[in-house]
Amino acid sequence: MDWDNLRYFLELARSGTLMSAARRLEVDHTTVARRIQSLEKEVGAPLFSREAGGHRLTEAGRRLQPQVEAMESAFQAVESTAPASQEGLSGLVRIGATEGFGTVVLAPQLALFAAQHPKLTIDLLAMPRLVHLSRREADIVISLERPARGPVVVTKLTDYTLRLYASKQYLAAHKPIKTREDLRGHTFISYVDDLLFSKELQYLDELHRPDAFALRSTSVLAQHSAVVAGAGIAVLPAFIAEKDSALKAVLRGQANFTRTFWMSMPAETKHLVRMQAVWNFLREAAEAQQSLLLPQNAENSEDPVGAPQRPPRPRKPAL
């Protein structure tokens with residue numbers, strides 16, 4: 001039985017759609033369909049039922065999946081100990097992260113890391129939505145909520161600070177804000193409530209329910225741009241706003257929020273050398289960026305929030 005056919009079967013079983021499986025396998029969706037058809041002929045039974053929302057495993061497919069997963073684990077174990085695997089990192093690692101963290105914090109670090117490993121390809125999905133590990137949209141996911149269940153490896157990556165910010169231009173043109181009560185009457189910028197991908201983004205419910213919004217957006221980077229333009233006040237991650245000279249923290253010390261980034265990956269891939277290396281690099285990158293993620297509260301802090309950070313040196317994988 002052709003192992004490649006089985007590999008395509010496993011990817012489609014995990015992702016649920018031909019297009020998603022094709023992206024993961026870096027082939028055309030017709031190739032995935034052709035491989036599945038070939039495997040079904042070999043098995044002598046349909047493995048998927050074709051539905052409007054994608055492909056669902058049949059009873060025969062559900063019986064086959066754990067056997068193929070065992071084959072995959074054995075193959076990966078052999079691959080990780082092969083001499084070629086010691087010559088340097090290679091292959092693809094896809095990382096899913098929130099838009100702001102992925103763009104501002106991870107992208108510069110990962111670009112330098114990838115440059116050190118020319119045979120390694122890093123895909124960074126920095127998106128204003130949840131990237132699903134269960135659907136195999138990424139190999140490693142950094143999320144605002146800890147995965148509740150499933151065969152995954154999970155670690156707390158880092159805490160980070162958010163504050164209330166406005167542009168100096170906006171503050172000069174509006175009444176002073178010295179207490180939370182002074183927020184009444186001010187214009188805010190925030191997320192679109194019914195499109196929130198995590199309850200952890202509901203900051204304003206803890207602080208003040210605005211009377212008016214100048215702009216609501218699913219993108220934290222769009223919110224940042226609107227605040228810089230002087231359109232209103234917003235809760236922004238300190239790692240985005242603190243180093244922006246056009247902005248000033250409002251009610252510093254009174255309107256602070258702390259959230260947590262969690263990192264997870266499938267348990268069956270944790271022994272792969274490239275996965276271990278990227279996982280450990282991400283942990284070290286977060287540690288090296290603590291002054292950016294958790295800046296001091298003082299108004300005139302000497303904390304070098306905007307200072308360039310040297311990329312952390314990769315260490316021996318130690319999951």
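Excluded from the calculations below are hydrogen atoms, water molecules and symmetry mates; all remaining heavy atoms, backbone and side chain alike, are included. All residue numbers refer to positions in the sequence shown, counting from 1.
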Enquirer: Verify, without hydrogens or angle tests, whether Ser15 (side chain) and Ser20 (backbone) share a donor-acceptor contact under 3.5 angstrom.
Expert: no
Enquirer: Could you measure the distance from the CD atom of Glu11 to the OG1 atom of Thr17? Nearest 0.5 Å is fine.
Expert: 10.0 Å
Enquirer: Does Glu145 offer a backbone N or O that forms a donor-acceptor pair with the side chain of Ser143 under 3.5 Å?
Expert: yes
Enquirer: Treating Thr161 as the side-chain partner and Thr258 as the backbone partner, does any N or O pair qualify as donor plus acceptor under 3.5 Å?
Expert: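 Here the side-chain-to-backbone pair does not exist.
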Enquirer: For a side-chain contact (heavy atoms from CB on, under 4.5 Å) check, start with the C-alpha distance between Val228 and His224, then their side-chain angles and the critical distance, and finish with the verdict.
Expert: CA-CA 6 Å; Val228 171; His224 171 241; 3.6 Å; yes
Enquirer: I'd like to know if Val153 and Phe281 are part of one continuous hydrophobic network [Ile/Leu/Val/Met/Phe/Trp/Tyr, side-chain heavy atoms within less than 4.5 Å].
Expert: yes
Enquirer: Test salt bridge (Lys or Arg N to Asp or Glu O under 4.0 Å) on Arg209 and Asp193 and set out the steps.
Expert: CA-CA 12 Å; Arg209 194 62 190 171; Asp193 285 346; 2.7 Å; yes
Enquirer: For the residue pair Phe9 and Leu39, what are the closest heavy atoms and their distance?
Expert: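 Nearest heavy atoms, Phe9 then Leu39: CB-CD2, 3.4 Å.
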Enquirer: Taking all atoms of both residues into account, what is the closest heavy-atom pair of Gln254 and Lys178, and its distance?
Expert: NE2-O, 3.5 Å
Enquirer: With heavy-atom distances below 4.5 Å as the criterion, would you say the side chains of Arg274 and Lys119 are in contact?
Expert: no
Enquirer: Please determine whether side-chain contact (heavy atoms from CB on, under 4.5 Å) holds for the pair Leu164 and Tyr203, giving the CA-CA distance in whole Å, both sets of side-chain angles, and the decisive distance to 0.1 Å.
Expert: CA-CA 10 Å; Leu164 198 60; Tyr203 318 115; over 6 Å; no
Enquirer: Verify the cluster assignment for Phe257 and Leu236: are they in a single hydrophobic cluster under the rule of side-chain heavy atoms below 4.5 Å apart?
Expert: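 In one cluster with Phe257: Leu236, yes.
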Enquirer: Using the side-chain hydrogen bond (donor to acceptor under 3.5 Å, both in side chains) rule, take Arg35 and Ser38 through it: C-alpha gap first, then chi angles, then the decisive distance, then the call.
Expert: CA-CA 5 Å; Arg35 289 282 191 173; Ser38 177; over 6 Å; no
Enquirer: Donor-acceptor check, side chain of Lys156 to backbone of Arg146, threshold 3.5 angstrom: yes or no?
Expert: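 Side chain of Lys156 to backbone of Arg146: no pair is present.
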Enquirer: So which heavy atom on Tyr160 is nearest to which on Thr260, and how close?
Expert: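 The answer is CE2-N, 4.2 Å.
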Enquirer: Side chains of Thr98 and Phe197: closer than 4.5 Å at any heavy-atom pair?
Expert: yes
Enquirer: Less than 4.5 Å apart, any side-chain heavy atom of Leu272 and any of Met265?
Expert: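 Side chain of Leu272 against side chain of Met265, heavy atoms only: no contact under 4.5 Å found.
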Enquirer: Decide side-chain contact (heavy atoms from CB on, under 4.5 Å) for Leu110 and Leu282; before the verdict, give the C-alpha distance in whole Å, the side-chain angles of both, and the deciding distance to 0.1 Å.
Expert: CA-CA 8 Å; Leu110 285 171; Leu282 290 170; 4.0 Å; yes
Enquirer: Are the side chain of Gln109 and the backbone N or O of Val105 linked by a donor-acceptor pair below 3.5 Å?
Expert: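 Between the backbone of Val105 and the side chain of Gln109 there is no qualifying donor-acceptor contact (under 3.5 Å).
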Enquirer: Rounded to the nearest 0.5 Å, how far apart are CG of Asp28 and CZ of Arg34?
Expert: 8.5 Å
Enquirer: Run the side-chain contact (heavy atoms from CB on, under 4.5 Å) check on Leu247 and Ser167 step by step: do they pass?
Expert: CA-CA 4 Å; Leu247 301 184; Ser167 71; 4.1 Å; yes
Enquirer: Taking the side chain as every heavy atom from C-beta outward, state whether Trp279 and Val93 have any atom pair closer than 4.5 Å.
Expert: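 They are not in side-chain contact.
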Enquirer: Ile240 and Gly100: which non-hydrogen atoms are nearest, and at how many Å?
Expert: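 The answer is CD1-CA, 4.0 Å.
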Enquirer: Taking NZ, NE, NH1 and NH2 as the nitrogens, is one of them in Glu268 or Arg136 under 4.0 Å from a carboxylate oxygen of the other?
Expert: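 Yes, charged N to carboxylate O under 4.0 Å.
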Enquirer: Under 4.5 Å between side-chain heavy atoms, counting indirect links through other Ile/Leu/Val/Met/Phe/Trp/Tyr residues: same cluster for Ile122 and Val141 or not?
Expert: no
Enquirer: Between Ala249 and Arg252, what is the shortest heavy-atom contact and its length?
Expert: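 Reported closest heavy-atom pair: CB-NH2, 3.4 Å.
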Enquirer: Kindly state whether the ring of His186 and the ring of Tyr170 have centres lying under 6.0 angstrom apart.
Expert: yes
Enquirer: Between Asp139 and Arg24, does any side-chain N to carboxylate O distance fall below 4.0 Å?
Expert: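 Here Asp139 pairs with Arg24 in a salt bridge, since their nearest N and O are under 4.0 Å apart.
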Enquirer: More than 12 heavy atoms of other residues, nucleotides or ligands under 6.0 Å from CZ of Arg129: yes or no?
Expert: yes
Enquirer: May I ask you to decide if Phe48's main-chain N or O and Arg50's side chain share a donor-acceptor pair within less than 3.5 Å?
Expert: yes
Enquirer: Would you call Tyr191 and Gln223 a side-chain contact if the rule is heavy atoms closer than 4.5 Å?
Expert: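 Side chain of Tyr191 against side chain of Gln223, heavy atoms only: contact under 4.5 Å found.
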Enquirer: Do Leu124 and Leu89 land in one hydrophobic cluster if side-chain heavy atoms of ILVMFWY residues count as linked below 4.5 Å?
Expert: yes
Enquirer: Checking the side chain of Glu26 only, and the main-chain atoms of Ala22 only, is there a donor and an acceptor separated by less than 3.5 Å?
Expert: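 Not at all, since once roles are kept as given, no pair shorter than 3.5 Å links the two residues.
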Enquirer: Hey, what do you get for CZ (Arg163) to CG (Leu251), rounding to the nearest 0.5 Å?
Expert: 12.0 Å
Enquirer: So if you build clusters from Ile, Leu, Val, Met, Phe, Trp, Tyr with side-chain heavy-atom gaps below 4.5 Å, do Leu162 and Trp262 land together?
Expert: no
Enquirer: Is there a donor-acceptor contact under 3.5 Å from the side chain of Gln276 to the main chain of Lys270?
Expert: yes
Enquirer: Are the side chains of Ser190 and Phe213 in contact, using a 4.5 Å heavy-atom criterion?
Expert: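 Yes, side chains in contact.
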Enquirer: Taking atom CZ of Arg184 as the centre, report whether more than 12 heavy atoms of other residues, nucleotides or ligands fall under 6.0 Å from it.
Expert: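 No, because the 6.0 Å sphere around CZ of Arg184 holds 12 heavy atoms or fewer from other groups.
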Enquirer: Compare every heavy atom of Leu133 with every heavy atom of Ala138, then report the nearest pair and how far apart it is.
Expert: O-CD1, 3.4 Å
Enquirer: For Asp244 and Ala241, indicate whether the former's side chain and the latter's backbone hold a donor-acceptor pair under 3.5 Å.
Expert: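 Here the side-chain-to-backbone pair does not exist.
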Enquirer: Quick one: does Leu18's side chain get under 4.5 Å of Leu12's, heavy atoms only?
Expert: yes
Enquirer: Roughly how far, to the nearest 0.5 Å, is the CD atom of Glu242 from the NZ atom of Lys248?
Expert: 12.0 Å
Enquirer: Taking the side chain from Glu99 and the backbone from Val220, do they hold a donor-acceptor pair closer than 3.5 Å?
Expert: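 Yes, Glu99 side chain to Val220 backbone: donor-acceptor pair under 3.5 Å.
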Enquirer: If you round to the nearest 0.5 Å, how far is CG of Leu215 from CZ of Phe188?
Expert: 14.0 Å
Enquirer: Measure the OG1-CZ distance between Thr158 and Arg259 for me, rounded to the nearest 0.5 Å.
Expert: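 Those atoms lie 14.0 Å apart.
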